[in-house]
Engineer: 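One structure coming up, written as structure tokens, with questions to follow.
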Amino acid sequence: MDFQISALAADAASAAAADALLVVVPAGEAKTGDAALDALIARVVKQGDFERKAGSALYLQGAEGIKATRVLLVGAASLAGKAVRKALDAGLAGLKGRNVKHLAVALVGGAPTAVHAEALVCAMEQASYTYTQTKPSAKVVATPAKVTLLTDKAGLAGARAAIKQGLGVAEGVRLARTLGNMPANFCTPTYLGTEAKRLAKEGGMKAQVLGLKEIEKLGMGSFLSVTRGSVQPPAFIVLEYQGAGAKAAPVVLVGKGITFDTGGISLKPGADMDEMKFDMCGAAAVLGTMRAVAELKPKVNVVALVPTCENMPSGVATKPGDVVTSMSGQTIEVLNTDAEGRLILCDALTYAERFKPQAVVDVATLTGAIIIGLGNHNLGLYASDDKLADDLLAASKEALDPAWRMPLDEEYDEALKSNFADMANVGSRAGGSITAAKFLQRYTGSYAWAHLDIAGVSHKSGAQKGATGRPVGLLTHFVLNRAK
Ligand code: BES
Ligand code: MN
Ligand code: ZN
């Protein structure tokens, strides 16, 4: 990212020598303590040009008593992280294309917290992201070369640390978005493997990319049943970050890396099928998190596992009713070849055992059912362990990356009964995201495990079509907290 942020102990926002001053104004009567700025806000509120509430904004040139060339006031519902983030997004959108080289940001009602500071960096990332990989003509948004977050002396150190952390998260989000956005003829399993090796090289990590022969040798019959119909070779990526002693139990992150999901022989309908290029967003989020981790260097060990392949129909593709044997030895009746994510993840979950992990978190665009349940806001969080669930929910709050815990009652498991194998790969339509999680749980013997169903949050459709980079924020915070 080509913008720098410094937290300055400036007591007066009005004295900031910036070419734009963005001021977040929450509901209530709070003041900044900066006489000129407080007077300005009071005046425009009284005049009726601006309201102290979410959605209100006022752009001013040459405001009286303010050194910055432009002032943009944006209302916020409150000082809550989420509300401030929304105001920052609105403010940055309002400044887009205005050739701002030095942006100063002030918050009315108190020094910015760590959540606010990190939110600013992530909002900048969001506002400046341009996808160019297969569209070199895309107009790259000019970003301010310098961004100054105004805080008081007491808030300085905290803001600096939060900004540094935000820059790490933003890098990870950026990578996850780019990988997610790249079409499946560019972002192949082989490409993801190459990316993992590049990340390892740049970030002092260890990468191994296992190919077809090695995957066969491991006995990953479930994973292999998905890749069978594709001419693109599969890969199993193992990326290791060592921030603690060699013997310390690692956090293992597992990402679903289906680079394109046609549904296989259980072919998906044609409408919007292009969006199934986003079916590797779990893998992208895990690789993005590793990128952030390599930058922020927490004292914890982290392993990323990415099973990656295409799900294609062909004369040799797996057929509904075929029975396959997973690496764990359990057999699976593949009733629906479109329920392929769980088939590649289950073997990765078995592989994870060898690391004797402190926790395993898998991340997957697993089911359409989670979109019916939670829409496009919260991701679905499943956990076999309450402490792990709480840690992930806490990370979700810190990162402003919303998650909602879902149930794993044993009653849901019955749907997976098969007459011809240890389990079927699908249940009935009812509770489809939950039965998918129950399927995965059968492969998580000896460690604390959580599963994030991100199908509703990994990407947007329509005019805003594109990967979001979620949940890199949640995962990075979770990993950082494990180092504390
Ligand atoms: N990749 C899809 C899930 C998905 C759907 C992700 C929509 C993003 C947007 C997954 O592989 C899938 O096809 N799931 C099936 C499972 C069903 C066959 C039990 C689904 O949700 O329809
Ligand atoms: Mn599918
Ligand atoms: Zn899929």
Side-chain angles (χ1 to χ4, degrees), residues 180-181 184 187 189 192 222-223 225-230 232 234 254-285 306-313 317-322 332-346 348 362-380 406 412-413 415-418 423-440 451-462 465-468 470-471:
N181 285 335
C187 184
L192 286 180
S222 185
F223 178 16
S225 76
V226 178
T227 189
R228 189 143 292 146
S230 169
Q232 285 291 339
V254 181
K256 171 178 172 182
I258 295 290
T259 55
F260 198 81
D261 182 12
T262 65
I265 296 297
S266 311
L267 195 64
K268 286 184 180 294
D272 299 326
M273 207 208 271
D274 66 287
E275 295 188 13
M276 283 302 124
K277 73 172 182 177
F278 295 119
D279 213 17
M280 36 56 70
C281 281
V306 174
T308 172
C309 69
E310 285 183 339
N311 186 22
M312 299 289 284
T318 298
K319 305 167 291 298
D322 284 1
I332 305 161
E333 184 185 12
V334 182
L335 286 178
N336 189 324
T337 64
D338 197 12
E340 85 297 338
R342 62 200 79 182
L343 294 175
I344 71 169
L345 291 170
C346 69
D362 77 68
V363 193
T365 47
L366 204 61
T367 67
I370 198 66
I371 312 176
I372 304 299
L374 296 179
N376 303 105
H377 182 59
N378 279 291
L379 61 81
M406 299 286 289
Y412 292 106
D413 197 70
L416 298 173
K417 276 192 180 140
S418 161
M423 71 199 80
N425 76 327
V426 293
S428 59
R429 264 167 58 85
S433 173
I434 311 173
T435 50
K438 291 306 286 182
F439 179 95
L440 295 177
H451 157 61
L452 308 180
D453 193 338
I454 61 165
V457 307
S458 63
H459 63 279
K460 292 184 174 147
S461 307
K465 194 189 289 180
T468 61
R470 286 181 63 188

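Source: prediction; values computed, not measured. The figures here come from the full heavy-atom set of this structure, side chains too, leaving out hydrogens, waters and symmetry mates. Start at 1 and go down the list; that is how both ligands and their atoms are numbered.
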Engineer: For N/O/S atoms only: which one belongs to Asp261 and is nearest the Zn ion (ligand 3)?
Structural biologist: OD2
Engineer: Counting from 1, what ligand 1 atoms have a heavy atom of Ile371 closer than 4.0 Å?
Structural biologist: 7 (C), 9 (C)
Engineer: Closest non-hydrogen protein atom to atom 10 (C) of ligand 1, residue and atom name please, with distance?
Structural biologist: Leu366 O, 3.3 Å
Engineer: Say you draw a straight line from CG of Leu267 to CE of Met273; how long is it, rounded to the nearest 0.5 Å?
Structural biologist: 4.5 Å
Engineer: Show the atoms of ligand 1 that are less than 4.0 angstrom away from any heavy atom in Thr365.
Structural biologist: 1 (N), 2 (C), 3 (C), 6 (C)
Engineer: Please answer whether the main-chain N or O of Lys319 pairs with a side-chain N or O of Thr337 as donor and acceptor at a distance below 3.5 Å.
Structural biologist: no
Engineer: Would you give the length of the straight line joining atom NZ of Lys438 to atom CZ of Arg342, rounded to the nearest 0.5 angstrom?
Structural biologist: 13.5 Å
Engineer: Which of the N/O/S atoms in Asp261 sits closest to the Mn ion (ligand 2)?
Structural biologist: OD2
Engineer: When you compare the side chain of Thr259 with that of Gln232, does any pair of heavy atoms fall below 4.5 Å?
Structural biologist: no
Engineer: Quick one: nearest non-hydrogen protein atom to atom 18 (C) of ligand 1, plus distance?
Structural biologist: Asn336 ND2, 3.4 Å
Engineer: If I take every N, O or S atom of Lys256, is at least one of them less than 2.8 Å from the Zn ion (ligand 3)?
Structural biologist: yes
Engineer: When rounded to the nearest 0.5 angstrom, what distance separates CG in Asn336 from OG1 in Thr318?
Structural biologist: 12.0 Å
Engineer: Closer than 2.8 Å to the Mn ion (ligand 2), do we get an N, O or S atom from Asp279, backbone or side chain?
Structural biologist: no
Engineer: Taking 4.0 angstrom as the limit and counting only heavy atoms of Val426, give me the atoms of ligand 1 inside it, by number and element.
Structural biologist: 19 (C)
Engineer: Please state which option from Glu340, Arg342, Lys268 has its nearest heavy atom closest to atom 11 (O) of ligand 1.
Structural biologist: Glu340
Engineer: Measure from the Zn ion (ligand 3) to every N/O/S atom of Glu340 and report the name of the nearest one.
Structural biologist: OE2
Engineer: To the closest 0.5 Å, what do you measure between CG (Asp322) and CD (Glu333)?
Structural biologist: 9.5 Å
Engineer: So which heavy atom in the protein is nearest atom 6 (C) of ligand 1, and how far is it from that ligand atom?
Structural biologist: Ala455 CB, 3.7 Å
Engineer: Would you mind checking which non-hydrogen protein atom is closest to atom 15 (C) of ligand 1, with the distance to 0.1 Å?
Structural biologist: Asp338 O, 4.0 Å
Engineer: How far is atom 2 (C) of ligand 1 from its nearest protein heavy atom, and which residue and atom name does that atom have?
Structural biologist: Asp261 OD2, 3.6 Å
Engineer: When you measure from the Zn ion (ligand 3) to each N, O or S atom of Asp279, which atom gives the shortest distance?
Structural biologist: OD2
Engineer: With the Mn ion (ligand 2) as the reference point, give the N/O/S atom of Glu340 that is nearest.
Structural biologist: OE1
Engineer: Out of Arg429, Lys256, Met276, who gets a non-hydrogen atom closest to atom 8 (C) of ligand 1?
Structural biologist: Met276
Engineer: Provide, to 0.1 Å, the distance between atom 20 (C) of ligand 1 and the closest protein heavy atom, together with that atom's residue and name.
Structural biologist: Gly368 N, 3.8 Å
Engineer: If the threshold is 4.0 Å, N to carboxylate O, is there a salt bridge linking Asp279 and Lys256?
Structural biologist: yes
Engineer: Taking the non-hydrogen atoms of Asn311, is any one of them nearer than 4.0 angstrom to ligand 1?
Structural biologist: no
